[in-house]
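Read through the structure below, which is laid out as structure tokens, and then see the notes.
The figures here come from the full heavy-atom set of this structure, side chains too, leaving out hydrogens, waters and symmetry mates. Chain letters run A, B, ... following the sequence lines, proteins first and then strands; every chain starts at 1. Everything numeric in this text was worked out from a predicted model, so none of it was measured.
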There are 2 protein chains.
Amino acid sequence: MINKEAIGRFVFGGAIMSKPTLHDVAQAAGVSYATADRVINNRGNVAQKSIDKVRDAVARLDYVRNVAAANLSRKRVYRLAFLIPKGTNAFFNRIRDHIAQVAAHLSIESVSVDIFEVSAFSVDGLSKSIADFCEKDFDGVAIVGLQSALLEAPLAELRARGIQVIGLVSDLPRDFRAAYIGIDNVVAGRTAARMTGMAHAGGHGAIQTFAGSLDARDHAERLDGFREVILADFPHLTVLDPILTKDDPSILRTKTRELLAQQTHVTALYNVGAGNSGLISAISAWPEQRPYCIVHELVAHSRQALVAGHIDLVIDQRPDVEINRAFAVLRALIDQREIPTMPELTPTIYVRDNLPADPLNAIMKAQNT
Amino acid sequence: MINKEAIGRFVFGGAIMSKPTLHDVAQAAGVSYATADRVINNRGNVAQKSIDKVRDAVARLDYVRNVAAANLSRKRVYRLAFLIPKGTNAFFNRIRDHIAQVAAHLSIESVSVDIFEVSAFSVDGLSKSIADFCEKDFDGVAIVGLQSALLEAPLAELRARGIQVIGLVSDLPRDFRAAYIGIDNVVAGRTAARMTGMAHAGGHGAIQTFAGSLDARDHAERLDGFREVILADFPHLTVLDPILTKDDPSILRTKTRELLAQQTHVTALYNVGAGNSGLISAISAWPEQRPYCIVHELVAHSRQALVAGHIDLVIDQRPDVEINRAFAVLRALIDQREIPTMPELTPTIYVRDNLPADPLNAIMKAQNT
DNA sequence: CTGAAAGCGCTTACAG
DNA sequence: CTGAAAGCGCTTACAG
């Protein structure tokens, strides 16, 4: 035990001091407790002279408000909400599950969590949902957003009501949310390209891309990133224009089947969007000579396909990490604290060997025994 | 806003009830507040009859202790410590930095954090450090462990003193710690193998492995996992026995240089251990014809080599995530709560495209302007 | 504009 | 074995 570093202690004149309280501040400033409280919390109705004295004392003593005590005395409940696209999309189901799971633990610490489902990918629907949401009494909300000026008015209304807003997975107009929690989709596309390039080991090839729609910003960004890297670093490879799928599994199935039946020169498939179950079902019928295959988001079917060797790679945005961070960021914003240090969000590469334990699978195993 | 789910509220008879307090429990049980407190916290000196009544009331009301209020009243400080190998190893520097960073934020919430450096990788040193540590007054400690029966006695002593112990990065003897936070190194090796296999695109090849020492459990496990996957799924590839390096960069440099000068049939390099700066410096002298190259842990030099294209892949254990989890788990253990849901630990694959933002780099850029 | 007092849900002596 | 009371650091009426 050679070296020792002490952090987070208050050492004064060699002795460990306890943290200053509002009482100490009031005393040092020569005002009453209540007055000190008023300036600390900007409650108004305080003489400028008092304000200055208190501010000064705060700085001198290095006072920091004890949020836990404050919350206790107010019986505070953090009222949080999530606005998530409704529907059966496996990815958003995963998001919902994790929110519920975290909420169950957090309820112990006086946090209430509501999930609202909004009509998927519709600017009108989302705009109306946000407007409705204004009526409710919440402290903060995480919204799976869209980029549209139509959302600005309802978002401004939320802010006016003191509700903290963050974008989740898909961003809102920049100036109308306090933070964005999600991956950079250009980076995700670049990552997919790097892996595809590596897997060709310098050989020639052509990559068939798939996208739900080029209007979807995340899809377009992934394609851009993908093309950038292939163009710059893998001159032997060609990126074919995307087949548009509306994220519909049956379209993906049909198109993939056609492609494989034609015995084309295609050496790799990359789907930037959803609907992978269709792609997988088509591919698994051609097990012997399938192309290299990358998709996004780890959900039941993509996971299974990875394990079975039908696809090679899944790029995942770790919705569990995103949700955890959304809670932490919302609480910090509501408390007007600094946002805590957290690990960065980066697209995660899964192969069959580094998959996280599968909770569903564990349950099924338990049932079988 | 079609559907709505409320979580974490207490709904009773249609009305939202606030959580029951100890007061409610005492009343329902027909005992005094103090007695209820005694059974909740197992303070002893309570008649069995009272215990039963209180336990019953707790179950009926679904009471859960308010930890924040308890901590406030006790002016509780969580006294946490980390035992980390000393030395200049870039990986452990990263660990130390992140601990300090998290600690700076946590100090606000009455947590004190101390880092103790112990002589690296020495069972004797670690054993003595743990014994010394018993004398100090802490609530919990995370230890970068070793597997040795010699550690059992001092660890038992820690437990006897009510100090919560977890293994971090490298595990302690199973029965003498409450949890282990770190990746599965067999999985890490398997992941490296899968990527190496893919990068050969079905072609033949030979992979030269490097390890610090085969006595190091993590090194041995990574090699095992690596061999397993190559053997099972990549029959065209051969895994060469590891060159032992003591994790010394100069040894790695020399050996790699020799290897490359010999113009061998080696198509890939995989170092399961540390000392990568040596490997990288040797490789970067042969930019045109270098083999495929995988190393562990994202630190300044491996990151730079990835960006420069000298190496292909870094497998990282996300020490930042591990540290965050260590704090959360220690606090849960100390509070005797359930361990909170957190994203799983899985070896992370980095290529040059999905790197997290580099804080150092950002600082240097700022200084240059 | 300012201050004294009760209360948030708990723990800790202290008195029976 | 049991209970009444003060106090943790804050907020919220309420009275001046």
Side-chain angles (χ1 to χ4, degrees), chain A residues 10 17-55 57-58 61-78 107-111 139 334-337, chain B residues 10 17-55 57-58 61-78 107-111 139 334-337:
Chain A
F10 292 74
M17 302 274 291
S18 59
K19 296 185 188 180
T21 74
L22 230 204
H23 187 92
D24 301 328
V25 171
Q27 194 167 294
V31 299
S32 79
Y33 196 102
T35 299
D37 169 72
R38 285 189 183 94
V39 358
I40 294 294
N41 293 295
N42 305 306
R43 300 192 207 278
N45 285 85
V46 187
Q48 185 59 46
K49 218 171 94 185
S50 305
I51 295 181
D52 294 342
K53 285 194 292 187
V54 173
R55 292 257 156 83
V58 165
L61 301 186
D62 208 21
Y63 170 75
V64 350
R65 185 165 160 276
N66 181 332
V67 180
N71 288 347
L72 173 61
S73 80
R74 303 193 323 173
K75 285 164 105 8
R76 188 201 213 311
V77 174
Y78 291 82
S107 74
I108 300 169
E109 319 173 29
S110 56
V111 176
D139 301 305
I334 292 167
D335 288 343
Q336 315 205 56
R337 292 195 328 259
Chain B
F10 292 74
M17 302 273 291
S18 58
K19 297 184 188 178
T21 73
L22 229 204
H23 186 93
D24 301 327
V25 171
Q27 195 167 293
V31 300
S32 78
Y33 196 102
T35 299
D37 168 73
R38 285 190 184 94
V39 358
I40 294 292
N41 293 293
N42 305 306
R43 300 193 207 278
N45 287 86
V46 187
Q48 186 60 45
K49 217 172 95 186
S50 306
I51 296 182
D52 294 341
K53 286 194 292 186
V54 173
R55 291 257 156 84
V58 165
L61 301 186
D62 209 21
Y63 169 75
V64 352
R65 185 164 160 277
N66 181 332
V67 180
N71 287 348
L72 174 61
S73 81
R74 302 194 324 174
K75 288 164 99 11
R76 187 205 216 307
V77 174
Y78 291 81
S107 74
I108 299 169
E109 320 172 28
S110 56
V111 175
D139 300 306
I334 291 167
D335 288 342
Q336 316 206 54
R337 291 192 331 256

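- In this structure, CD of B/Q48 is placed 16 Å from C1' of D/dT2, rounded to the nearest angstrom.
- Computed from coordinates, the A/N71 CG to C/dC10 P distance equals 15 Å when rounded to whole Å.
- Comparing B/L72 and B/V46 along DNA chain D, the residue whose closest nucleotide (by nearest heavy atom) sits nearer the 5' end is B/V46.
- Judged by atom type and distance alone, B/R38 reaches the base of D/dG3 through a side-chain donor-acceptor pair under 3.5 Å.
- Protein atom CD1 of A/I40 is 9 Å distant from nucleotide atom P of D/dC10, rounded to whole Å.
- In this structure, the nucleotide among D/dC1, D/dC10, C/dT12 sitting nearest to the side chain of A/N66 is D/dC10.
- Between B/D335 and B/R65 the shortest side-chain heavy-atom distance does not fall below 4.5 Å.
- The OG1 atom of B/T35 sits 9.0 Å away from atom NZ of B/K53, with the distance rounded to the nearest 0.5 Å.
- Geometrically, A/R76 engages A/Y78 in a cation-pi contact, judged by NZ or CZ lying under 6.0 Å from the ring centre and within 45° of the ring axis.
- C/dT11 atom P lies 5 Å from atom CG of B/D37, rounded to whole Å.
- A/H23 places its NE2 atom 13 Å from the C1' atom of C/dA4, with the value rounded to the nearest Å.
- Nearest-nucleotide positions on DNA chain C for A/S50 and B/A68 put A/S50 closer to the 5' end.
- In this model, the phosphate group of D/dA6 is not approached by any side-chain N or O of B/Y33 to a distance below 4.0 Å at OP1 or OP2.
- Within the model, atoms CG of B/N71 and CG of A/L72 stand 11.0 Å from one another, a figure rounded to the nearest 0.5 Å.
- Under the Watson-Crick or G-U wobble criterion, with both distances below 3.5 Å, D/dT2 is paired with C/dA15.
- The side chain of A/Y63 lies closest to D/dC10, out of C/dC8, D/dC10, D/dC8.
- Between A/S73 and C/dG7 there is no side-chain polar atom (N or O) within less than 4.0 angstrom of OP1 or OP2.
- Closest approach to the B/R74 side chain among C/dT12, C/dG3, C/dC10 is made by C/dT12 (side chain taken as heavy atoms from C-beta onward).
- Distances shown here put every side-chain N or O of B/R76 at or beyond 4.0 Å from the OP1 or OP2 atom of C/dC10.
- Here B/S32 does not reach the OP1 or OP2 of D/dT2: none of its side-chain N or O atoms lies under 4.0 Å away.
- Within the 4.0 Å cut-off from OP1 or OP2 of C/dT11, at least one side-chain nitrogen or oxygen of B/R65 is found.
- Look at NZ on A/K19: it is 14 Å from C1' on D/dC10, rounded to the nearest Å.
- As judged by a 4.0 angstrom heavy-atom cut-off over every strand, A/L22 is placed among residues touching the sugar-phosphate backbone only.
- Within 4.0 Å of A/A34, counting heavy atoms only, lies at least one base atom of the nucleic acid.
- A close approach under 4.0 Å does occur between a side-chain nitrogen or oxygen of B/N41 and OP1 or OP2 of C/dT11.
- Without hydrogens or angle criteria, A/D24 side chain to A/T21 main chain gives a donor-acceptor distance under 3.5 Å.
- Distance B/R43 CZ to C/dC10 P: 12 Å, rounded to the nearest Å.
- Annotation: the span from A/R38 atom CZ to A/I51 atom CD1 amounts to 11.5 Å, rounded to 0.5 Å.
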